[in-house]
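If you're wondering where the values come from, they're calculated on a predicted model, not measured in any experiment.
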Amino acid sequence: MDWYCAVWNSDSVSSAVGAQVLYEMICQGDTSLVGDIDLIDEFYEELNSKGFNIEVNKGKGFVIIGCNFEDAEYLNDVIPQVAKSHGLSYFEPQNMTYIF
């Protein structure tokens, strides 16, 4: 995978820098700042129903999504919209884009 983003449920982050720290925590297995709620499952199910060519890692309170670089621009437009519709935060670490 060449491109990654994350969607999560957390009230602890309000900036791109904070989102980067949380993203790194999640990648290292620390999920103490995210909350496991049904919205994550609903987001995950909707994401899978769209048939995107992605790799998904779902955990307690978060979803990390990876794809090939050629699909990244499209997914960087679509995934934040889906996350927002479920009341979740979106982080794209390559450009430090955080939408909450």
Item to check | side-chain contact (heavy atoms from CB on, under 4.5 Å) assessment of N53 paired with N68 | outcome: CA-CA 8 Å; N53 184 23; N68 293 321; 3.9 Å; yes
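- Here the CG-CG distance, from D36 to D41, works out to 6.5 Å after rounding to the nearest 0.5 Å.
- The distance from atom OH of Y44 to atom OG of S49, rounded to the nearest 0.5 Å, is 11.5 Å.
- Neither side chain, N95 nor T97, offers a donor N or O lying under 3.5 Å from an acceptor on the other.
- Here the SG atom belonging to C67 is positioned 10.0 Å from the CD atom belonging to E55, to the nearest 0.5 angstrom.
- Applying the side-chain hydrogen bond (donor to acceptor under 3.5 Å, both in side chains) test to residues at least two apart or on different chains, the pairs with a partner in residues 72-83 are N76-Y90.
- Side-chain contact check for I65 versus I79: some heavy-atom pair is nearer than 4.5 Å.
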Next on the checklist: side-chain contact (heavy atoms from CB on, under 4.5 Å) for L88 and I40? Distances and angles first, verdict last.
Outcome noted: CA-CA 8 Å; L88 300 169; I40 292 292; 3.9 Å; yes
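- Heavy atoms only, all atoms of each residue included: A72 and W3 are closest at CB-CG, 3.4 Å.
- The backbone N or O of V34 lies less than 3.5 Å from no partner atom in the side chain of T31, so there is not a single donor-acceptor pair.
- Checked by atom type and distance alone, the side chain of E92 pairs as donor or acceptor with a backbone atom of Q94 at under 3.5 Å.
- For E24, there are no salt bridge (Lys or Arg N to Asp or Glu O under 4.0 Å) partners two or more places apart in sequence or in a different chain.
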Item to check | Step-by-step side-chain contact (heavy atoms from CB on, under 4.5 Å) determination, V7 to L47 | outcome: CA-CA 11 Å; V7 173; L47 190 65; over 6 Å; no
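- Ring geometry for W8 against Y98 counts as tilted: the plane angle lies between 30° and 60°, on a 0 to 90° scale.
- The local environment of NZ in K60 is crowded, with over 12 non-hydrogen atoms from other residues, nucleotides or ligands closer than 6.0 Å.
- Within the model, atoms CZ of F43 and CG of N48 stand 9.5 Å from one another, a figure rounded to the nearest 0.5 Å.
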Item to check | Stepwise side-chain contact (heavy atoms from CB on, under 4.5 Å) check, I64 with Y23 | outcome: CA-CA 9 Å; I64 295 179; Y23 178 75; 4.3 Å; yes
